[in-house]
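See structure below.
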Amino acid sequence: MSEHKKRLRRGVFGRLSTDTARTLRKVPQPVEKVRRSVREHNLLSESATSEVLEIDRLRPESHDHLNPHGAEHEELRQVRDRLAAQSQVTMRLGHMLLESGASSYRVKLSMARLGRAVGVEQQHSQVTFGEISSTVYAHGTFRTEVSEQRVFGTNAAKLDRLRHFVQHLKPHVTVEDVNSVLDRIQAFRPEYGTTANMLASGIACMCFCFLNRGGFIECLLAGIAATVGQALRKQMLVRHMNHFGVWMMCGLVAATCYIGLATGFQAVLDATPAIDQAGLPQWFTGTAQGYHAGIISAVLFLVPGFPLLTGMLDLVRTDISAGISRLTYVLMLVISAGTAVWLVSLSFNWVVDPPESAPIDNPWLFLVRMVCSFVAAFGFAMLFNSEVKLCFWAALICAIVNPIRFFVVEEGMLWQFAVGVEALLIGLAADAISRISGFRYSRVSLSVPASVIMIPGVPLYAALTHMNQGAYTQAISSLVEVLLVVLAIGIGLAIARMLTDPGWRTEAGLRRAVNLEQVDAPAEFFMR
């Protein structure tokens with residue numbers, strides 16, 4: 001076949017259907033006849049398609065306004081530049097909230113409210129633990145931004161300032177004014193210095209050790225070890241080191257420090273014949289020999305309580321991607337710290353199981369538990385960088401509710417059910433205090449420090465240690481128990497939130513929360 005015929009066949013077959021092309025290959029036809037049939041086929045197809053789609057009703061649109069040298073093009077460019085500024089400021093707010101530990105629901109709601117305030121017609125966002133995708137619509141066009149969030153942590157004071165700012169937004173604010181306020185919020189220094197942060201961790205873990213049935217010496221040693229571990233964690237996080245490595249290193253240091261202190265103290269007692277060790281009171285020595293009970297309490301400052309609880313709340317809000325990614329981060333940190341405790345306990349042949357009974361009896365036991373619950377919750381609230389007044393209210397909630405939970409469990413109530421009821425009461429009390437304060441303090445900032453003390457850190461790390469040692473039956477039993485308790489905490493807080501927040505009951509409540517008050521003058525944002 002000649003080259004001319006090959007090109008003709010390729011051109012003809014390229015525009016015909018497969019069946020038509022196969023037929024033409026089998027039946028030789030003159031070139032002009034083929035061209036005529038193809039032309040008629042295409043015209044008939046186009047006519048039928050146009051009639052079905054009603055293309056004749058369409059009118060050509062003039063694109064003169066896109067003239068790069070016209071005034072209309074300059075106006076269009078200004079509109080797009082303004083939309084870019086509006087998109088960037090909403091994205092900035094989302095990043096600040098996310099790095100402060102806010103849940104996905106809070107981030108999306110705040111970005112939507114700010115978008116409406118700065119003049120955006122619609123704002124939609126997809127928020128995970130480490131990424132934000134945002135699309136804004138205005139002036140007949142839209143803009144989409146995708147960015148990654150690499151700063152993971154908790155800053156309750158910053159979170160409350162941002163929430164207060166978003167709550168008092170009014171229409172027609174400018175991007176420049178919003179950026180000015182966000183600059184002022186970003187410029188706030190941490191509520192507590194390094195020394196206060198270290199002591200808060202140590203004292204909280206000391207009280208945690210008593211709640212886990214430790215004696216005075218065990219509590220004291222656990223507090224010292226936790227202080228040393230928190231000092232190391234603070235320095236490593238300031239240098240933006242990998243969190244997996246930070247948690248493992250701090251767990252190794254805190255656990256080794258505790259074992260060293262306990263071994264040294266026991267050696268001093270053994271070397272002092274004048275001290276009758278058998279005559280020492282039980283509240284002083286604890287119920288176990290060798291002061292083993294406090295090693296897990298020494299690393300409880302590494303329990304990522306804030307992301308754990310907010311991750312469960314994300315799942316309740318059906319923010320599945322955010323909840324799964326946040327809980328995966330939590331699981332990574334827990335495994336890292338658990339591996340560190342296992343390595344140390346294996347190296348020194350150390351017992352990690354807590355005692356079966358408390359070192360003191362009633363009526364003092366209830367009072368001491370109340371004091372320890374208050375101090376532990378106050379210390380963890382400080383670790384979350386909460387304001388002093390918020391730390392007090394969160395600690396007060398925990399001091400009232402937590403000892404009751406210990407009492408009912410010891411009287412025979414199921415542990416998981418008691419924890420769920422306590423979480424529900426904490427959520428309701430947090431909402432009441434938030435309303436009394438004029439919503440100055442968020443429910444999450446109040447409820448999480450009061451609830452984190454219920455997270456069974458000792459059984460969790462002990463189960464991981466047993467699993468690494470090959471005691472799988474004991475480890476699986478403890479892990480299932482821990483899982484049920486954590487789920488009970490999340491369910492209790494979620495029920496309390498749905499009872500008190502319309503936005504958690506229906507999506508219509510969320511849409512109402514996005515709408516701003518229709519006033520002309522922008523609201524003044526007063527920083528305290």
Side-chain angles (χ1 to χ4, degrees), residues 93 96-97 100-110 112-114 154-169 185 188 191 305-314 316-317 373-374 377-378 380-402 420-454 489-506 509-510 512-514 516-517 523 525-528:
L93 174 65
M96 293 177 66
L97 285 166
S100 300
S103 64
S104 174
Y105 167 75
R106 173 62 59 186
V107 175
K108 291 192 289 187
L109 174 62
S110 301
R113 284 182 61 86
L114 179 58
T154 303
N155 191 334
K158 184 178 179 181
L159 183 61
D160 281 340
R161 294 187 183 106
L162 291 170
R163 183 198 55 80
H164 183 77
F165 165 60
V166 173
Q167 178 183 342
H168 291 81
L169 278 171
I185 296 177
F188 270 79
E191 297 292 313
F306 209 99
L308 173 61
L309 296 180
T310 52
M312 289 189 292
L313 294 179
D314 280 336
V316 174
R317 279 291 312 173
S373 298
F374 181 91
F378 197 102
F380 278 106
M382 290 179 63
L383 291 181
F384 299 149
N385 196 48
S386 302
E387 297 181 4
V388 176
K389 291 183 179 180
L390 188 145
C391 293
F392 171 80
W393 288 114
L396 183 62
I397 295 173
C398 186
I400 295 174
V401 180
N402 199 50
V421 173
E422 181 181 356
L424 174 62
L425 296 176
I426 288 175
L428 296 176
D431 177 76
I433 294 175
S434 179
R435 293 179 184 275
I436 293 173
S437 66
F439 296 100
R440 178 182 177 184
Y441 306 125
S442 66
R443 302 175 184 90
V444 173
S445 299
L446 287 165
S447 59
V448 171
S451 302
V452 72
I453 197 172
M454 294 188 294
I489 297 174
I491 292 172
L493 292 177
I495 293 176
R497 195 63 181 271
M498 286 186 286
L499 291 175
T500 58
D501 190 348
W504 280 66
R505 292 196 295 267
T506 62
L510 175 60
R512 287 194 299 270
V514 172
L516 304 175
E517 182 184 354
F525 178 66
F526 296 99
M527 287 295 237
R528 136 184 115 70

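Tyr441 is linked by a ring pair (Phe, Tyr, Trp, His ring centres under 6.0 Å) to nothing, counting only residues two or more places apart in sequence or in another chain. For Ser386, the side chain to side chain contact (heavy atoms under 4.5 Å, CB included) partners are Ala156, Ala381, Phe384, Leu390, Cys391, not counting sequence neighbours. Residues passing the side chain to side chain contact (heavy atoms under 4.5 Å, CB included) test with Ile433 are Trp393, Ile397, Leu446, sequence neighbours excluded. A search for ring pair (Phe, Tyr, Trp, His ring centres under 6.0 Å) contacts involving Phe378 returns nothing, not counting sequence neighbours. Remark: Thr500 pairs with no residue by the side chain to side chain donor-acceptor pair (under 3.5 Å) rule, at least two apart or across chains. In this structure Val452 satisfies the side chain to side chain contact (heavy atoms under 4.5 Å, CB included) test together with Phe380, Ile455, sequence neighbours excluded. Checked against salt bridge (Lys or Arg N to Asp or Glu O under 4.0 Å), Asp431 has the following partners two or more places apart in sequence or in another chain: Arg435, Arg443. Remark: Ser110 engages Leu93, Leu97, Arg106, Val166 in a side chain to side chain contact (heavy atoms under 4.5 Å, CB included) (not counting sequence neighbours). Under the side chain to side chain donor-acceptor pair (under 3.5 Å) criterion, Asp314 pairs with Arg326, sequence neighbours left out. Among residues two or more places apart in sequence or in another chain, the side chain to side chain donor-acceptor pair (under 3.5 Å) test is passed with Asn385 by Asn155.
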**OP:** Dump the intermediate steps for side-chain contact (heavy atoms from CB on, under 4.5 Å) on Arg163 and Phe439, then the final yes or no.
**Re:** CA-CA 9 Å; Arg163 183 198 55 80; Phe439 296 100; 3.9 Å; yes
Original post:
Do Lys158 and Ile185 pass the side-chain contact (heavy atoms from CB on, under 4.5 Å) test, and can you show the C-alpha distance, the side-chain angles, and the key distance before you say yes or no?
Top reply: CA-CA 7 Å; Lys158 184 178 179 181; Ile185 296 177; 4.2 Å; yes
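Using a cut-off of 4.0 Å between Lys/Arg side-chain N and Asp/Glu carboxylate O, Glu191 and Arg161 are scored as salt-bridged.
Nearest heavy-atom pair across Val444 and Pro449 is O-CD, 4.0 Å. Of all heavy-atom pairs between Ala450 and Cys398, the closest is O-SG, 3.7 Å. Taking every heavy atom of both residues into account, Gly101 and Thr310 meet most closely at O-CG2, 3.9 Å. Scanning both residues, Ser100 and Leu162, for their nearest heavy atoms gives OG-CD1, 4.4 Å. Summarising the geometry of Val107 relative to Ala102, their closest heavy-atom pair is CG2-CB, 4.0 Å, with the distance given to 0.1 Å.
Using a 4.5 Å cut-off on side-chain heavy atoms (C-beta onward), Arg317 and Met498 make no contact. With contacts defined as side-chain heavy-atom distances shorter than 4.5 Å, the pair Ile491/Ile495 qualifies.
The salt bridge (charged side-chain N to carboxylate O under 4.0 Å, His left out) pairs that include a residue from residues 391-400 number zero, where partners must be two or more places apart or lie in different chains.
When atom types are taken as modelled, the side chain of Asp160 and the backbone of Ser442 share a donor-acceptor pair closer than 3.5 angstrom.
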